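Only one structure is covered here, and it is reproduced in the block below.
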Amino acid sequence: MKTISRDVSYDAIIKARENISGTVRRTELLPVSASLFGEKSGIFIKTESFQRTGSFKIRGAYNKLLSLSPEERSRGVVAASAGNHAQGVALAASLLGIKATIVMAMGASPVKVEATRAYGAEVVLHGKNFDEAYSRALELTSERGACFIHPFDDTKIIEGQGTIALEIFEDMPDCGMIVAPIGGGGLISGIATAAKAINPSCLVVGVEPASAPCMQRAVALGEPKTLDSATTIADGTAIKRAGELTSAICRKLVDDIVLVSEEEIAETMLTLMERMKLVAEGAGALSLAALLSGRLSAKGKTALILSGGNVETGLLGRILEKGLFSAGRRCRFEVELEDSPSALASLLELISREGAGIVSLSHRRVAERQDIGRVKVFLTLETRGVTHADRLEKEMSRLF
């Protein structure tokens, strides 16, 4: 299937805003907690997690489906998605009375799968990743004579996503930087097109997981190349190949693309929950992660796109646990003691004195290469951070 080749225009984004008005929510710009960057940092979060379906994707999906002719609508639509595009297309199709079939990978979030079904779409689970689901979606499109709704490499999709920038500049006319996550590039392509038309000096920066840098690679090489793998907790950005159209726009309009680690993503999700009471999926945390990690510095009034908040409860728990360990606020220790009640009591006294909390404790008396009369104690402790954990480790080493 060929990518639509015509240019994305600012006027078309204005038109998209008219198209989706009344259906798509106008989301808030919230100031980042003063505890993160100071009282007057000028950094704000665009809360697309509060959007209908829990992500920005409804913007592009609704704008695209509105553009279909009556004949095209009658044939139905097919899409492939990791979850958020699925829900956006499903809801848009339901509102417009269009039959929708969504292909999702076998490992897709159960929450996103069920939400997509709840909006009335047929869900087909196929393949191990987005790329395999995408291939099956193209096959179904051909078999059924339906219209394929690309998740990012389509002008109508891009123009719908670009309406985010219009809202940002309405709320913050002196915006000097917009930071957005990148998967296939539809979101940042629309934002960059609108932002550069409104204020050419506004910086537009993209953020990708270091384990899935498809757009950074495409921009550096001058064309999209397929990654060997794209595994990340930011599943909405687990794309192996950037779009043809989106990569061309990014090369022209995006000022920089930075990469963040899995640990930094997890820590940022934890920070958003604790400091701002915002639930972000992995992709939604990327923009703030770039600043918290120091890989990017704000320029004047800065808008960070929190692209979505659709994350399965079980996965969220595991990610937050990873964030606690990454931040040094939960640590595992292995201590060898004399096998006596007093030695264990001394260890517990040390932990209490240092103000750490015990999450779990177990001990093993008999083990290979362990002296008789010695016992190993395995601890998981809650600490106040890396410095506190280091002090605990030094005290344990000194005493035991």
Side-chain angles (χ1 to χ4, degrees), residues 25-51 54-56 164-165 167-181 187 191 202-207 209 233-234 236-237 258 260-311 313 315-330 355 357 382-389:
R25 291 175 182 156
R26 192 182 192 287
T27 56
E28 284 187 274
L29 266 182
L30 298 179
V32 169
S33 172
S35 63
L36 295 176
F37 299 107
E39 192 67 44
K40 297 180 179 179
S41 67
I43 302 172
F44 295 79
I45 290 178
K46 180 67 168 167
T47 51
E48 286 296 292
S49 54
F50 295 158
Q51 187 55 263
S55 90
F56 72 96
I164 292 173
E167 295 176 10
I168 289 173
F169 278 98
E170 286 169 0
D171 291 344
M172 194 163 64
D174 54 346
C175 180
M177 175 185 279
I178 300 176
V179 187
L187 173 63
I191 286 174
C202 177
L203 294 178
V204 178
V205 179
V207 188
I233 58 175
T237 61
V258 299
V260 294
S261 70
E262 298 297 288
E263 289 74 18
E264 288 160 349
I265 297 169
E267 286 182 41
T268 302
M269 292 174 70
L270 177 63
T271 297
L272 280 164
M273 286 192 66
E274 290 188 328
R275 304 289 182 88
M276 297 196 66
K277 316 309 174 196
L278 292 172
V279 175
E281 57 191 84
L286 287 174
S287 297
L288 181 58
L291 269 68
L292 291 177
S293 66
R295 300 177 194 282
L296 182 66
S297 298
K299 180 192 175 185
K301 293 288 184 66
T302 297
L304 310 177
I305 311 299
L306 198 170
S307 57
N310 294 319
V311 57
T313 305
L315 176 61
L316 178 62
R318 295 194 297 275
I319 290 173
L320 295 181
E321 181 85 355
K322 183 179 179 68
L324 287 168
F325 277 103
S326 298
R329 292 172 50 194
R330 186 160 291 185
E382 286 184 341
T383 60
R384 294 189 294 273
V386 174
T387 302
H388 187 206

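Given the structure is predicted, the values throughout are model-derived calculations rather than measurements.
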### Exam field: side chain Ser261 to backbone Glu264, donor-acceptor pair closer than 3.5 Å
yes
### Query
Between atom OG of Ser326 and atom CE of Met269, what is the distance when rounded to the nearest 0.5 Å?
12.0 Å
### Query
With sequence neighbours left out, what residues match Arg26 under side-chain contact (heavy atoms from CB on, under 4.5 Å)?
Arg17, Glu167, Glu170, Asp171
### Task
Answer yes or no: is there a donor N or O on one side and an acceptor on the other, between the side chain of Gln51 and the main chain of Thr27, under 3.5 Å?
no
### Task
Please name all residues satisfying salt bridge (charged side-chain N to carboxylate O under 4.0 Å, His left out) with Glu267, sequence neighbours left out, ordered by chain then number.
none
### Query
Quick one: are Ile45 and Leu29 in side-chain contact, heavy atoms under 4.5 Å?
no
#### Entry: From CD (Glu48) to OG (Ser55), nearest 0.5 Å
8.0 Å
### Query
Which pair of heavy atoms, one from Cys175 and one from Ile168, lies closest together, and at what distance?
SG-CG2, 4.1 Å
### Message
Applying side-chain hydrogen bond (donor to acceptor under 3.5 Å, both in side chains), can you list everything that pairs with Arg330, at least two apart in sequence or on another chain?
### Response
Glu321, Glu382
### Task
Drop me the distance from Lys277's NZ to Leu30's CG, to the nearest 0.5 angstrom.
13.5 Å
Under 3.5 Å, which donor-acceptor pairs link side chains of residues 298-308 to any protein atom two or more places apart or in another chain?
residue: Lys301; atom: NZ; partner: Asp174; partner atom: OD2; Å: 3.4
residue: Thr302; atom: OG1; partner: Lys299; partner atom: N; Å: 3.2
residue: Thr302; atom: OG1; partner: Lys299; partner atom: O; Å: 3.4
residue: Thr302; atom: OG1; partner: Gly300; partner atom: O; Å: 3.2

### Task
Taking all non-hydrogen atoms of both residues into account, name the closest pair between Ala180 and Ile191 and its distance.
CB-CD1, 4.2 Å
### Query
Any side-chain heavy atom of Leu291 within less than 4.5 Å of one from Val32?
no
### Task
List in chain and number order the residues that pass side-chain contact (heavy atoms from CB on, under 4.5 Å) with Ala290, two or more places apart in sequence or in another chain; answer none if no residue qualifies.
Val207, Val258, Val260, Leu296
### Query
Among all residues two or more places apart in sequence or in another chain, which pass the side-chain contact (heavy atoms from CB on, under 4.5 Å) test with Arg275?
Ser33, Ser35, Leu36, Thr271
### Task
Looking only at non-hydrogen atoms, find the nearest pair between Pro209 and Glu262 and report the distance.
CB-OE2, 3.9 Å
### Query
Is the backbone of Val311 close enough, under 3.5 Å, to the side chain of Glu281 for a donor and an acceptor to pair up by distance?
no
### Task
Indicate the atoms forming the closest heavy-atom contact of Leu270 with Gly323, along with that distance.
CD2-C, 3.9 Å
### Main-chain N/O of Ala389 paired with Thr383 side-chain donor or acceptor, under 3.5 Å
no
#### Entry: Any donor-acceptor N/O pair, Lys46 side chain to Glu28 backbone, under 3.5 Å
no
### Student check: side-chain heavy atoms of Met172 and Phe44 closer than 4.5 Å
yes
### Spacing of CD1 belonging to Ile233 relative to NZ belonging to Lys322, to within rounding of 0.5 Å
6.5 Å
### Task
In sequence, state the C-alpha distance, the side-chain angles, and the governing distance for Arg329 and Glu274, and then conclude on salt bridge (charged side-chain N to carboxylate O under 4.0 Å, His left out).
CA-CA 13 Å; Arg329 292 172 50 194; Glu274 290 188 328; 2.8 Å; yes
### Query
Is the backbone N or O of Gly54 less than 3.5 Å from a side-chain atom of Ser49, with the two atoms forming a donor-acceptor pair by type?
no
#### Entry: Minimum-distance pair of heavy atoms, taken over all atoms of Ala283 and Ala234
N-CB, 3.4 Å
